[in-house]
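Side-chain atoms are counted along with the backbone in the values below, which use heavy atoms only and exclude waters and symmetry mates.
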Amino acid sequence: MPELPDVQVFKEYFDATALHQKVAAIEKCRHDLLHGISANRLGEALQGHPFTTTIRHGKWLFARAGEDGWLVLHFGMTGTLRYYEKEDKAPGHIRMLLRFENGYRLAFDCTRKLGRISFAESVEKFIEEHDLGPDALEVAGDAEKLTEMLQGKRGSIKSALMDQSLLAGIGNIYSDEILFVAGVRPQDKVPDLWGKQRREIARAMEEVLRGAIDCRVGEKGWPGGKWLVPHREDGEKCPRCGGRIKKEKISGRSSYFCRDHQG
DNA sequence: ACGCTTCCCTGGAGGC
DNA sequence: TGCCTCCAGGGAAGCG
């Protein structure tokens with residue numbers, strides 16, 4: 001379930017490993033995960049260039065390869081990165097594999113094949129073409145900005161937070177978590193929210209996203225305490241108020257919220 | 001035009 | 001034990 005905080009951790013992992021390494025070869029690349037470019041062309045574009053910088057926007061990771069453009073990765077639900085030297089460290093579902101001149105490899109591992117591999121000449125153009133809104137961290141903490149982007153929305157606040165064209169980076173897990181912290185029901189309709197609730201959501205967005213990045217949730221799991229995630233089960237006890245956690249489908253996704261302190 | 005549903009994909013869990 | 005179905009949830013396509 002890599003969402004914004006998890007992809008941020010992948011970016012930091014990439015920066016600490018593959019960045020500045022020169023690509024010797026692309027050793028493997030599943031064509032069914034590739035979009036808009038062939039494996040051969042991608043290989044040509046990457047080979048001989050070092051990665052010079054990375055950018056994360058929402059759930060997308062961009063790695064600049066030479067002067068030609070950017071390797072673009074989306075982690076779907078089960079995607080992850082692994083940088084290794086010894087073959088016994090290789091993960092089990094490699095969909096793309098780069099070999100560097102230093103002998104190390106970077107594997108893009110993705111069990112359920114819902115990830116994406118692509119190549120872009122410009123990050124800005126890619127964001128525009130894929131109709132991505134501003135990164136959720138830019139909106140976090142800013143109630144005015146949030147209010148502005150919710151303008152005209154009639155559906156539930158949960159689907160609005162998950163709408164990548166409104167703001168990029170929040171998925172099912174984090175939308176629930178943000179609304180849990182904000183004390184707002186996920187199924188509440190956007191036009192029915194009070195100003196105070198929108199302010200709480202903006203504030204919770206910052207707390208949850210930054211908190212998850214800071215404790216590197218993607219690598220280390222969820223720490224104990226007041227997170228909803230470890231309690232995502234119907235009938236569980238709410239870690240904040242002791243109330244009951246309820247499961248409900250909202251626009252096709254399983255949602256969990258506290259019956260008592262939310263709403 | 002918008003929002004909801006369905007589909008893709010794989011592996012783990014649970015039922016019988 | 002083995003088989004079947006369901007569920008997880010990214011994005012995109014389809015539908016009303």
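Aromatic ring orientation, A:Y104 versus A:Y83: parallel (interplanar angle below 30°, classes split at 30° and 60°).
The nearest whole Å value for the distance from the NE2 atom in A:H74 to the C1' atom in C:dG11 is 7 Å. Rounded to whole Å, atom C1' of C:dG11 lies 10 Å from atom NE2 of A:H130. In this structure, A:R253 atom CZ and C:dC7 atom P are separated by 13 Å, rounded to whole Å. Rounding to whole angstrom units, CG of residue A:L161 and C1' of C:dG10 are separated by 16 Å. Counting to the nearest Å, the P atom of C:dA12 and the CD atom of A:E129 are 12 Å from each other. Put simply, CH2 on A:W60 is 13 Å from P on C:dG10, counting in whole angstrom units. Atom pair A:H35:NE2 and C:dG10:P shows a separation of 17 Å (rounding to whole Å applied). For the pair A:F108 CZ and C:dG10 P, the computed distance is 14 Å after rounding to whole Å.
Judged by distance alone, the side chain of A:E207 and the main-chain N or O of A:M205 form no donor-acceptor pair under 3.5 Å. No donor-acceptor pair closer than 3.5 Å links the side chain of A:E248 to the backbone N or O of A:Y256.
For the pairing with A:F108, the ring pair (Phe, Tyr, Trp, His ring centres under 6.0 Å) check across A:F14, A:F75, A:F10 returns one residue only, A:F75.
Bracketed by its first and final contacts, the part of DNA chain B lying under 4.0 Å from non-hydrogen atoms of chain A reaches from B:dC2 to B:dG11 in 5' to 3' order.
Heavy atoms of A:S251 sit under 4.0 angstrom from at least one base atom. Using a 4.0 Å heavy-atom distance criterion, A:S254 is classed as a sugar-phosphate-only contact.
Applying the 4.0 Å criterion to OP1 and OP2 of C:dG11, one finds that A:K113 has every side-chain N and O outside that range. Taking only side-chain nitrogens and oxygens, A:Q164 never comes nearer than 4.0 Å to OP1 or OP2 of C:dG10.
The line from CE of A:M77 to CZ of A:R112 is 4.0 Å long, rounded to the nearest 0.5 Å.
Checked for salt-bridge contact, A:D88 and A:K86 miss the test: no charged N lies under 4.0 Å from a carboxylate O.
Along DNA chain B, the nucleotide nearest A:R30 and the nucleotide nearest A:G252 are compared for position; the residue whose nucleotide lies closer to the 5' end is A:G252.
The base of C:dG11 has none of its N or O atoms less than 3.5 Å from a complementary donor or acceptor on the side chain of A:R112.
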Report, one line per pair, each donor and acceptor closer than 3.5 Å where one atom sits in a side chain of residues 35-46 of chain A; sequence neighbours left out.
residue : atom : partner : partner atom : Å
A:H35   : NE2  : A:R116  : NE           : 3.2
A:S38   : OG   : A:R41   : N            : 3.1

